[in-house]
Participant: 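Before I ask anything, let me first share the structure, which is written out below as structure tokens.
Nothing fancy with the numbering, it's 1 onward along the sequence.
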Amino acid sequence: MNYTIRAFRDAGDAVPQYELWLRATEGLPRAWRSSLRNVQHQLTNAVEFPNCRLYAERADGTMTGYIGTHPPFEWLAAAHGPPARSLGWAIPFGFPWTHPVDAALESALHDEMIRLTPITYADFKRDIYVQRFRESWTRHIAFLENRGWRLLDRIPLIGKEIGNLGSPPSETVPVTRDDMSLVAELCQADDTAVEDYSSEELLRRYDAGWIVSDTFWRVGERGCFALEQRGQWSAVTLLFAKPEAWDQTLQTAAAQASMLGAKEIYFTIESHEGKRRAALDRHNYREVDAGVYYVRDAD
């Protein structure tokens with residue numbers, strides 16, 4: 001072994017963890033971007049549960065790998081359409097990211113987290129561990145399947161290739177924290193949306209780093225969209241618009257993604273999002289990948 005594995009120490013772990021994530025996932029198709037602010041927010045749990053984050057370091061302190069979990073939550077399958085049903089108490093369980101890729105270290109991090117998790121969350125109900133991937137990440141999925149993880153759900157990613165679409169309209173401006181009431185109004189007005197966000201919920205998401213101003217734009221007061229841009233791929237994580245402005249908002253999102261260097265724009269579309277899927281079909285969006293959830297019974 002040319003590394004040691006340790007638990008979370010303090011907030012100083014956030015920056016090297018985020019930088020390692022970016023290096024480890026560079027080039028992976030449709031990898032989510034995350035942000036340092038979001039990583040810092042997620043690590044607040046580690047203050048109470050230090051073993052929910054494990055880091056591998058060389059003797060000189062260089063971080064070469066990490067893995068993380070989050071406290072259990074009751075997983076309600078409302079996102080899969082009504083009526084909501086419980087899938088049990090789930091523990092979000094991360095992949096053992098390493099850079100450079102080190103198969104032995106991946107195994108060591110995974111196995112140590114499996115050993116520690118029942119101890120870390122001894123006072124919680126625990127039914128399953130859950131991880132989210134892209135279907136195209138075949139090496140990572142094989143790693144899980146070889147260790148007893150099984151596929152739970154598959155959610156299509158609907159996208160299209162985009163070329164140089166020119167600049168977005170001049171009224172396209174970043175969304176700020178003060179715009180969350182407008183975003184909630186647009187959510188209510190959008191008949192293709194299944195979300196029912198209140199301004200209070202959107203403010204909580206903003207403060208937790210799930211909504212970031214430099215990735216979220218509005219088109220005047222008629223529509224808004226958020227992009228998660230990495231490399232040649234741009235995920236639309238939110239898009240709400242008044243019915244008469246929906247097509248323009250979609251086109252503006254594609255133009256913004258193109259300006260940022262994307263070659264493809266895509267949405268995650270659940271099975272009950274029929275109206276949103278039909279609206280995208282009209283614009284020649286097609287399945288390009290899938291989000292997959294893998295689970296393993298908790299110990």
Side-chain angles (χ1 to χ4, degrees), residues 1-73 90-121 124 126 128-134 137 139-149 208-210 212 228 230-231 292-296 298-299:
M1 291 175 58
N2 59 355
Y3 54 81
T4 57
I5 295 177
R6 65 163 177 87
F8 170 84
R9 286 181 185 146
D10 54 42
D13 288 329
V15 170
Q17 176 185 316
Y18 179 55
E19 291 176 346
L20 191 148
W21 154 260
L22 291 176
R23 294 193 300 271
T25 58
E26 184 68 28
L28 276 178
R30 305 169 188 91
W32 38 94
R33 191 177 85 160
S34 186
S35 70
L36 179 58
R37 185 156 66 95
N38 184 239
V39 171
Q40 292 167 334
H41 174 76
Q42 292 183 40
L43 286 180
T44 57
N45 290 318
V47 175
E48 183 176 0
F49 306 106
N51 284 329
C52 78
R53 282 291 187 281
L54 297 179
Y55 300 101
E57 292 180 336
R58 297 194 185 105
D60 64 2
T62 301
M63 189 178 295
T64 59
Y66 81 94
I67 189 170
T69 63
H70 295 279
F73 68 98
I91 298 174
F93 194 107
F95 188 80
W97 298 106
T98 63
H99 190 270
V101 172
D102 185 326
L105 178 53
E106 287 177 345
S107 295
L109 285 167
H110 174 274
D111 294 349
E112 181 66 358
M113 187 59 85
I114 287 289
R115 184 185 73 83
L116 286 173
T117 298
I119 302 169
T120 303
Y121 301 122
F124 292 80
R126 305 181 307 278
I128 55 175
Y129 303 140
V130 58
Q131 294 199 44
R132 174 174 67 116
F133 290 90
R134 300 308 191 204
W137 298 3
R139 187 186 76 82
H140 305 80
I141 289 172
F143 177 95
L144 295 182
E145 291 179 339
N146 289 337
R147 290 160 177 78
W149 293 75
W210 297 110
V212 183
E228 193 172 82
R230 280 204 72 182
V292 290
Y293 286 88
Y294 273 76
V295 298
R296 170 175 163 155
D299 299 316

Participant: For the CG atom of L43 and the NE2 atom of H70, what is their distance to the nearest 0.5 Å?
Facilitator: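 Output value for this atom pair is 8.5 Å.
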
Participant: Mind checking ring-ring contact (aromatic ring centres under 6.0 Å, His included) for H99 and listing every partner two or more places apart, or none if nothing turns up?
Facilitator: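 With sequence neighbours excluded, H99 shows a ring-ring contact (aromatic ring centres under 6.0 Å, His included) to no residue whatsoever.
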
Participant: At what distance, to the nearest 0.5 angstrom, does CG of N45 lie from CD of Q42?
Facilitator: 8.5 Å

Participant: Does the Lys NZ or Arg CZ of R139 fall within the cation-pi geometry relative to F143 - under 6.0 Å from the ring centre and within 45° of the axis?
Facilitator: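 No, R139 and F143 do not form such a contact.
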
Participant: Would you say that P16 contacts Y66 through its side chain, given a criterion of any heavy-atom pair below 4.5 Å between the two side chains?
Facilitator: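 No, too far: nothing below the 4.5 Å cut-off.
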
Participant: What I'd like to find out is whether the side chain of F93 reaches to under 4.5 Å of the side chain of I114, using heavy atoms alone.
Facilitator: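 F93 reaches I114 side chain to side chain.
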
Participant: Taking all heavy atoms of M113 and all of C52, pick out the closest pair and write down the distance.
Facilitator: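 M113 and C52 have their closest heavy atoms at CE-O, 3.6 Å.
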
Participant: What distance do E57 atom CD and I5 atom CD1 have between them, rounded to the nearest 0.5 Å?
Facilitator: 10.5 Å

Participant: Is any side-chain heavy atom of L22 closer than 4.5 Å to a side-chain heavy atom of E19?
Facilitator: no

Participant: Does Y129 form a side chain to side chain contact (heavy atoms under 4.5 Å, CB included) with T69? I'd like the steps, not just the answer.
Facilitator: CA-CA 9 Å; Y129 303 140; T69 63; over 6 Å; no

Participant: Let me see the working for N51 and I119 under side chain to side chain contact (heavy atoms under 4.5 Å, CB included), right down to the final yes or no.
Facilitator: CA-CA 9 Å; N51 284 329; I119 302 169; 6.0 Å; no

Participant: Which atoms form the tightest heavy-atom contact between Y3 and A108, and what is the distance?
Facilitator: OH-CB, 3.9 Å

Participant: Is there a side-chain contact between R115 and D299 in this structure, where contact means two heavy atoms from C-beta onward sitting under 4.5 Å apart?
Facilitator: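 Contact flag for R115/D299 side chains = no.
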
Participant: Excluding sequence neighbours, so at least two apart, what forms ring-ring contact (aromatic ring centres under 6.0 Å, His included) with Y121?
Facilitator: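 Testing Y121 for ring-ring contact (aromatic ring centres under 6.0 Å, His included), a comparison that skips the adjacent residues, returns F49, F124.
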
Participant: On the 0 to 90° scale, with breaks at 30° and 60°, tag the F95-F133 ring pair as parallel, tilted or perpendicular.
Facilitator: perpendicular

Participant: Do the non-hydrogen side-chain atoms of L28 and R134 ever get within less than 4.5 Å of each other?
Facilitator: no

Participant: Does Q17 reach the side chain of R53, with side-chain heavy atoms less than 4.5 Å apart?
Facilitator: yes

Participant: State, without any angle test, whether E145 and Y294 hold a side-chain donor-acceptor pair at a distance under 3.5 Å.
Facilitator: yes

Participant: Nearest 0.5 Å please: distance from the CG atom of L116 over to the CG atom of D111.
Facilitator: 11.0 Å

Participant: Applying side chain to side chain contact (heavy atoms under 4.5 Å, CB included) to Y55 and L109, what does each step give before you reach the verdict?
Facilitator: CA-CA 8 Å; Y55 300 101; L109 285 167; over 6 Å; no

Participant: Starting at NE2 of H110, measure out to CG of N146 and round the result to the nearest 0.5 Å.
Facilitator: 10.5 Å

Participant: Are L54 and E112 packed together at the side-chain level, in the sense that at least one heavy-atom pair is separated by less than 4.5 angstrom?
Facilitator: yes

Participant: Taking all non-hydrogen atoms of both residues, which atom of S107 and which atom of R147 are closest, and how far apart?
Facilitator: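 Taking every non-hydrogen atom into account, OG-NH2, 2.7 Å.
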
Participant: Grab the two heavy atoms, one from P50 and one from A7, that are nearest each other, plus how far apart they are.
Facilitator: O-CB, 3.6 Å

Participant: Which word best sums up how the rings of W21 and W97 line up, parallel for under 30°, tilted for 30 to 60°, or perpendicular for over 60°?
Facilitator: perpendicular

Participant: Nearest heavy-atom pair of P72 and I91: which atoms, and what distance?
Facilitator: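 Result for this residue pair: CG-CG1, 3.6 Å.
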
Participant: Check salt bridge (Lys or Arg N to Asp or Glu O under 4.0 Å) between R230 and all other residues, then give those that pass, not counting sequence neighbours.
Facilitator: E26

Participant: For residues R23 and M63, report the shortest heavy-atom separation together with the two atoms involved.
Facilitator: NH2-O, 4.2 Å

Participant: Considering only heavy atoms from C-beta outward, does the side chain of N2 approach that of T64 to under 4.5 Å?
Facilitator: no

Participant: Apply side chain to side chain contact (heavy atoms under 4.5 Å, CB included) to residues Y293 and R132 and explain how you reach the verdict.
Facilitator: CA-CA 5 Å; Y293 286 88; R132 174 174 67 116; 3.7 Å; yes

